Amino acid sequence: MNASDILFYLISAFVLGTAVLAVTANKIFRSAIWLLFSLVGVAALYFWMQVEFVAAVQIIVYVGGVVVLIIFSIFLTQQSGSKMPKPPLKRTLFFILAVLLGFAFSYKIIAEYGFASAGPVKPFVVPVSAIGEQMLDTKQHGFVLPFEVVSMLLLAAMIGCIVIAMRSVPKGKTIQKHTATVGGFGTSNNLTDVPAASTTPDEVSIMEEKAT
Amino acid sequence: MFSLETITNSIQQWLYSTFNPTMALILECAIVMLLVIGLFAVLGLVLVLMERKVAARMQIRLGPNRVGPRGMLQTAADTLKLMMKEGLTPDGADKFLFNLAPFIVMIAAMLIMAPIAFAKGFQIWDINIGVLYVSAVSSVSVIGILMAGWASNNKYSLLGAMRSGAQIVSYELSAGLSIISIVVLAGSLQVSDIIASQQTGWWLFRGHIPALIAFVIFIIAVTAETNRAPFDLAEAESELTAGFHTEYSGMRFALFFLAEYINIFIVCAIGATLFLGGWMPLHIGNWDDFNRIMDYIPSSLWFLGKTFCLIFLIMWFRWTFPRLRVDQLLSLEWKYLLPISMFNLLLITLIAIMGWHF
Amino acid sequence: MFIKEYISDVFKAVSSLLKGMKTTGSYFVRPKEIITQQYPDNRAHMKLPERFRGEVVMIHDENNEHACTGCTACELACPNATIKIITKFDTTPEGKKKKALDTFVYHLELCTMCNLCVEACPTSAIKMAQTFEHSVYDRNRLLKKLNQPGSKLRAGVE
């Protein structure tokens, strides 16, 4: 066993251990943190395989994006700090049963086929430009169609976000324009004094309008 | 001529000739680790002193001038004080995460050091995805901040952490877009390639006005990402005592404090690498005589000089501008910086495709 | 037009930020303007600003005369009862009785140097002095009598 193998087993043990902790931790925030470590471990595995691009994307998407979102939603929930109750016995039993079945299934497949040793492989170097060209390649083995489909999906998601976040203006009422500018980022203060979307403006806002 | 490259090469040759490859690699890692930790300590001391001196000069004060000659040992004394202080853990805190958080922030800062080229041939890891790696790892430090805020079990910490998270996640976009605009010009993500592409001039000058706009946006975005004034809402003293590190004391506080300054150094080093050519001396086109004279200045000095110029710029911001409100912060990013940098990226792509740059 | 407004906003913002940076930058390159007083070192030749307020004193001229009529305007003006005026009755040459100052009691330990008493004084009898080294070992020594012994009201001051 050489150093590379030892590293592999260390990283794998880290990924699996933190994954187990993520599902068994009794505080939800700790679960999120263990999940984070597990995902970082996967990224480390990619680094070990010398596919740095995938590793960096793994960190950006999962650590910088997904886990941060999860943590934010945990912050916004109530009782995020309290311990979760112990699961009932029945659920624990079924949980153990499911895990055992999963293990048996995977073990059977692995035992039947085994891992074929790839032997001495030549170093696996993929320049980033090759990935980019492959993404936008229209010829065979090119990924331009999935790439464009995914772009459309993301665009739709972005537009959807904007539509959801947009303030609905009641009929017969024009959007008030505040032109008062204060200081350097003068126009950036109209976010605060956007009045609530009420049907009748209250007296204060009328006075404000007169003042401006 | 003196250069760090020969030193590193001779050390590497000596290691590989004396030990077997695995051992030599481990030894190299140990040396690099020691160097990075040493650099961190020195940077912490120098940058904190520099900040205090710059702040004092801008506010017509003298600044620290009692400990050591002209106050040079002030930060060393402060560090000693912090080391001797008790590291308190609040009673209701999540002890494990509370103690882990400063180390996450610190480790993230250490990891970003890897692809930075300090001088010609003096780079820890010339990874082929260089700047992508930097922006990936820098997103880990926000987790440390969120963790610190939550584990402290304190409303100020939690609010500070949430503000910091929202801020870093939003400003990462425009920082990333301005990094991409230089990647488009240089045609590579690798740091050494980006520096080599500035052989005939720095991108800041070669890319016309769009590169300048990208540089300004980059500086604004990284100032926000490092949670410094005028974007220091995460630790707004007047509102949140100290934000996410309210409950930290002693050495753990020192780690957060150090990480802040290390992050400033790192983002400025990245900015210097992308826009000002890293260790590349000031070359102007084909003026061979001028370029040769500039080559006599060691590359490490060029790198450090550019980086410290940018650090000074960021400190200048801090001691000039008042703190933004949360809504101003977000509308600055989403209504101004992001649209401008997207449009700018288009312009730069056009320049790169048509070959309009110098 | 929207785009025009947007661009002019950005331009205005940048120019105002640059203006601020110019101010601080100009201070940075002119260290001669530093106003820090390195106090215990330059005690002998320290320059205090004109409006620095150290403690309340009463102005006495060379004849040991002051301008305080004992009207207690300062006592009324004081927000935290720092001043206590004790009055007496003098007999004027015409045989009339007239109120006059006996003791001007000043509690330095209570004073916030707010200058309200000086502003209230109708005859400009008191002013703020620039002495500031007030630390003593006994609190009683901060209780001061401002009119000098034997001093009297300057003639002509009403």
Side-chain angles (χ1 to χ4, degrees), chain B residues 50-67 70-71 174 209 212-217 219-220 223-224 229-231 308-325 328-329 331-344 347, chain C residues 1-55 79 112-115 128-137:
Chain B
M50 176 177 163
E51 168 111 273
R52 294 181 65 176
K53 276 292 191 188
V54 168
R57 286 281 286 273
M58 287 188 176
Q59 296 172 344
I60 344 180
R61 295 186 286 117
L62 278 171
N65 64 346
R66 296 282 145 163
V67 188
R70 319 193 84 213
S174 37
I209 292 172
L212 197 67
I213 295 175
F215 177 71
V216 171
I217 289 175
I219 288 291
I220 295 174
T223 313
F231 303 100
F308 273 85
C309 276
L310 289 186
I311 292 174
F312 175 74
L313 191 65
I314 282 183
M315 286 181 179
W316 195 354
F317 288 163
R318 171 164 182 178
W319 299 107
T320 306
F321 303 138
R323 184 184 305 136
L324 271 74
R325 270 198 325 253
Q328 289 171 334
L329 177 96
S331 65
L332 172 67
E333 162 66 16
W334 294 102
K335 285 162 124 184
Y336 292 88
L337 293 189
L338 192 63
I340 292 175
S341 53
M342 277 177 165
F343 184 69
N344 196 43
L347 272 183
Chain C
M1 200 177 139
F2 170 70
I3 296 286
K4 202 175 145 197
E5 217 172 81
Y6 185 87
I7 291 172
S8 81
D9 274 346
V10 172
F11 183 75
K12 258 188 249 163
V14 170
S15 64
S16 83
L17 291 179
L18 285 180
K19 209 180 283 172
M21 285 178 70
K22 198 180 129 206
T23 308
T24 44
S26 69
Y27 280 136
F28 184 81
V29 293
R30 289 194 310 241
K32 275 189 185 154
E33 288 184 24
I34 288 175
I35 52 167
T36 306
Q37 302 274 340
Q38 305 200 49
Y39 160 54
D41 295 348
N42 70 345
R43 204 163 162 227
H45 46 88
M46 186 168 49
K47 264 185 257 149
L48 282 175
E50 196 185 326
R51 294 195 294 175
F52 177 81
R53 303 200 285 255
E55 66 173 325
T112 59
M113 322 296 168
C114 66
N115 205 33
M128 286 311 240
Q130 298 214 319
T131 50
F132 61 94
E133 289 163 319
H134 294 313
S135 43
V136 286
Y137 284 103

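Keep in mind it's a predicted model, so treat the numbers as computed, not measured. The sequence lines fix the lettering, A, B, ..., with proteins before strands; numbering per chain opens at 1.
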Salt bridge (charged side-chain N to carboxylate O under 4.0 Å, His left out) against C:E133, all qualifying residues, sequence neighbours excluded: C:R43
Heavy-atom contact with chain C under 4.5 Å, split by part of B:V216: neither
side-chain hydrogen bond (donor to acceptor under 3.5 Å, both in side chains) against C:T112, all qualifying residues, sequence neighbours excluded: none
Enumerate, by atom name, each donor-acceptor pair separated by under 3.5 Å where one atom lies in chain C and the other in chain B.
| unit_1 | atom_1 | unit_2 | atom_2 | d |
| --- | --- | --- | --- | --- |
| C:Y6 | OH | B:K335 | O | 2.6 |
| C:M21 | O | B:W316 | NE1 | 3.0 |
| C:T24 | OG1 | B:W316 | NE1 | 3.0 |
| C:T24 | OG1 | B:T320 | OG1 | 2.7 |
| C:F28 | O | B:R57 | NE | 3.2 |
| C:F28 | O | B:R57 | NH2 | 2.8 |
| C:I35 | N | B:I60 | O | 3.2 |
| C:T36 | OG1 | B:L62 | N | 3.2 |
| C:Q38 | OE1 | B:N65 | ND2 | 3.2 |
| C:Q38 | OE1 | B:R66 | NH2 | 2.6 |
| C:D41 | OD2 | B:R66 | NH1 | 3.1 |
| C:D41 | OD2 | B:R66 | NH2 | 3.3 |

Pair B:F308-B:L313, side chain to side chain contact (heavy atoms under 4.5 Å, CB included): steps then yes or no: CA-CA 8 Å; B:F308 273 85; B:L313 191 65; over 6 Å; no
C:F52: side chain to side chain contact (heavy atoms under 4.5 Å, CB included) partners, not counting sequence neighbours: C:L48, C:P49, C:Q130, C:F132
Worked verdict on C:L17 versus B:F317 for side chain to side chain contact (heavy atoms under 4.5 Å, CB included): CA-CA 9 Å; C:L17 291 179; B:F317 288 163; over 6 Å; no
Closest non-hydrogen atom pair, C:M113 against C:M128: CA-CE, 3.6 Å
